[in-house]
There are 2 protein chains.
Amino acid sequence: MVASEDTFEEINDALVDVFNNVGWIEEASLHNSDFKDISLKEMHIIAAISMYKEPSASEVAKIVHLTPSSMTTAVDKLVKKGYVERRRSQSDRRMVRLGLTHRGRVVYRAHQAFHRHLTHYLVDSLDVSDMRVVEDAILHLQEYLHNLNHSIN
Amino acid sequence: MVASEDTFEEINDALVDVFNNVGWIEEASLHNSDFKDISLKEMHIIAAISMYKEPSASEVAKIVHLTPSSMTTAVDKLVKKGYVERRRSQSDRRMVRLGLTHRGRVVYRAHQAFHRHLTHYLVDSLDVSDMRVVEDAILHLQEYLHNLNHSIN
DNA sequence: TCGAATGTTTCGATGTTCGAAATAAAAAAC
DNA sequence: GTTTTTTATTTCGAACATCGAAACATTCGA
């Protein structure tokens with residue numbers, strides 16, 4: 001059926017465009033905010049820290065695809081800038097547990113707000129049942145990416 | 001209404017996850033392909049070249065957010081690896097016009113196939129009318145990002 | 001207790017990116 | 001028609017991110 005093939009191509013083109021540009025826009029939006037001193041990659045480190053209770057350095061490294069040694073230098077910078085705290089676990093003193101400072105939590109909330117804004121534009125014109133359709137579609141994509149990720153690591 | 005707020009949060013969480021991971025998966029997928037010698041950023045340069053007729057170096061630089069000087073070295077590498085061709089415009093001999101080699105076109109088609117695969121997982125479970133709903137939602141998001149991009153540059 | 005395993009850090013090397021200055025060609029000014 | 005200015009690209013040197021191997025500290029297991 002030609003109509004649905006066209007729709008597929010249009011969705012594909014838009015999706016490619018969105019994927020290619022969202023990172024740069026996120027970066028620019030950070031640069032225009034009160035937090036000009038962190039990059040998008042640093043933002044992802046902050047987000048990874050905030051999403052788990054007290055992750056170790058290497059757990060965060062795995063999430064953001066950095067080697068442990070790169071993680072050390074990245075955390076050094078974020079500590080120096082005042083976004084992240086390091087402290088040795090007292091149960092296992094080899095581990096470094098990471099946490100956010102107040103400033104770290106603030107910038108993370110700003111990052112969350114940015115993403116909520118995007119989602120708002122995605123679904124704002126939809127009624128409840130159409131939102132469920134979109135949710136279902138995105139969950140399928142997410143699951144596929146998750147499986148790919150797992151089969152690679 | 002509580003139900004739609006929950007749906008919003010679920011869509012938002014999934015979308016954040018997809019945005020955060022699609023780049024890494026794309027990179028890993030490249031690394032597992034016949035084209036292990038190009039990075040995702042180099043892939044974006046190749047895609048930008050292929051999407052315009054005979055773009056100049058600085059036009060491509062703008063699309064992929066590199067400075068002209070960085071573009072020079074990036075193109076050097078892609079020429080050396082055999083993906084890109086440089087040639088001076090004959091109408092204006094200051095300009096360098098970029099094009100893909102055969103190998104460049106092949107890797108671009110592989111990249112296209114990867115994205116089509118993603119789109120396939122996004123929409124595969126949907127009937128035609130639901131596909132239109134999803135298309136509409138993504139077009140809204142794309143338009144918003146496009147406006148943001150334009151208001152920044 | 002001692003050796004292996006684990007988590008982190010240090011160090012040196014590589015690669016990417018940038019900005020300023022250099023180069024080359026075209027366009028504008030005179 | 002020559003000179004000046006603008007435009008597109010490149011070169012050079014510096015800054016930064018990332019990595020792998022080795023070092024270090026700590027815990028676990030034989």
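Model, not experiment: these values are computed from the prediction. Just so it is clear: chains get the letters A, B, ... in the order the sequence lines come, proteins before strands, and each one is counted from 1.
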Quiz prompt | Gap separating the CG atom of A:Leu78 from the OH atom of A:Tyr83, nearest 0.5 angstrom | solution = 8.5 Å
Exercise. May I ask you to verify whether the side chain of B:Ser69 and the base of C:dG19 hold a donor-acceptor pair under 3.5 Å?
Key: yes
Quiz item: D:dT18 phosphate, OP1 or OP2: any side-chain N/O from A:Ser70 under 4.0 angstrom?
Solution: no
Quiz item: Are the charged groups of A:Glu9 and B:Arg116 less than 4.0 angstrom apart, N to O?
Solution: yes
Practice problem: Tell me whether the OP1 or OP2 atom of D:dC19 has a side-chain N or O from A:Thr67 closer than 4.0 Å. | Solution: yes
Practice problem: Round to the nearest Å and state the distance from B:His31 atom NE2 to D:dC19 atom P. | Solution: 12 Å
Practice problem: Nearest whole angstrom, please: distance from the C1' of C:dA25 to the CZ of B:Arg87. | Solution: 18 Å
Quiz item: When the distance from CD1 of A:Ile38 to P of D:dC16 is rounded to whole Å, what number comes out?
Solution: 17 Å
Quiz item: Say you draw a straight line from CD of A:Glu59 to CZ of A:Arg97; how long is it, rounded to the nearest 0.5 Å?
Solution: 6.5 Å
Exercise. Send over the distance from A:His44 NE2 to D:dT18 P, rounded to a whole Å.
Key: 13 Å
Self-check item: Polar side chain donor-acceptor pair, A:Glu26 to A:His111, under 3.5 angstrom
Solution: yes
Exercise. Let me know the distance between CZ of A:Arg88 and P of D:dC24, rounded to the nearest Å.
Key: 15 Å
Exercise. To the nearest Å, give me how far apart CE (A:Met71) and P (C:dT6) are.
Key: 21 Å
Practice problem: Tell whether B:Arg94 reaches the base of D:dT7 with its side chain through a donor-acceptor pair below 3.5 angstrom. | Solution: yes
Quiz item: Taking CZ from A:Arg86 and P from C:dG7, how many angstroms apart are they, rounded to a whole number?
Solution: 16 Å
Exercise. Map B:Ser58 and A:Arg93 onto DNA chain D by nearest heavy atom, then report which one ends up closer to the 5' terminus.
Key: B:Ser58
Self-check item: Derivation and outcome, side-chain hydrogen bond (donor to acceptor under 3.5 Å, both in side chains), residues B:His117 and A:Tyr144
Solution: CA-CA 10 Å; B:His117 213 225; A:Tyr144 173 61; 2.6 Å; yes
Self-check item: Contact nearer the 5' end of DNA chain D, comparing B:Asp92 with B:Thr73
Solution: B:Asp92
Exercise. Find the distance B:Lys41:NZ to C:dC18:P and express it as a whole number of Å.
Key: 8 Å
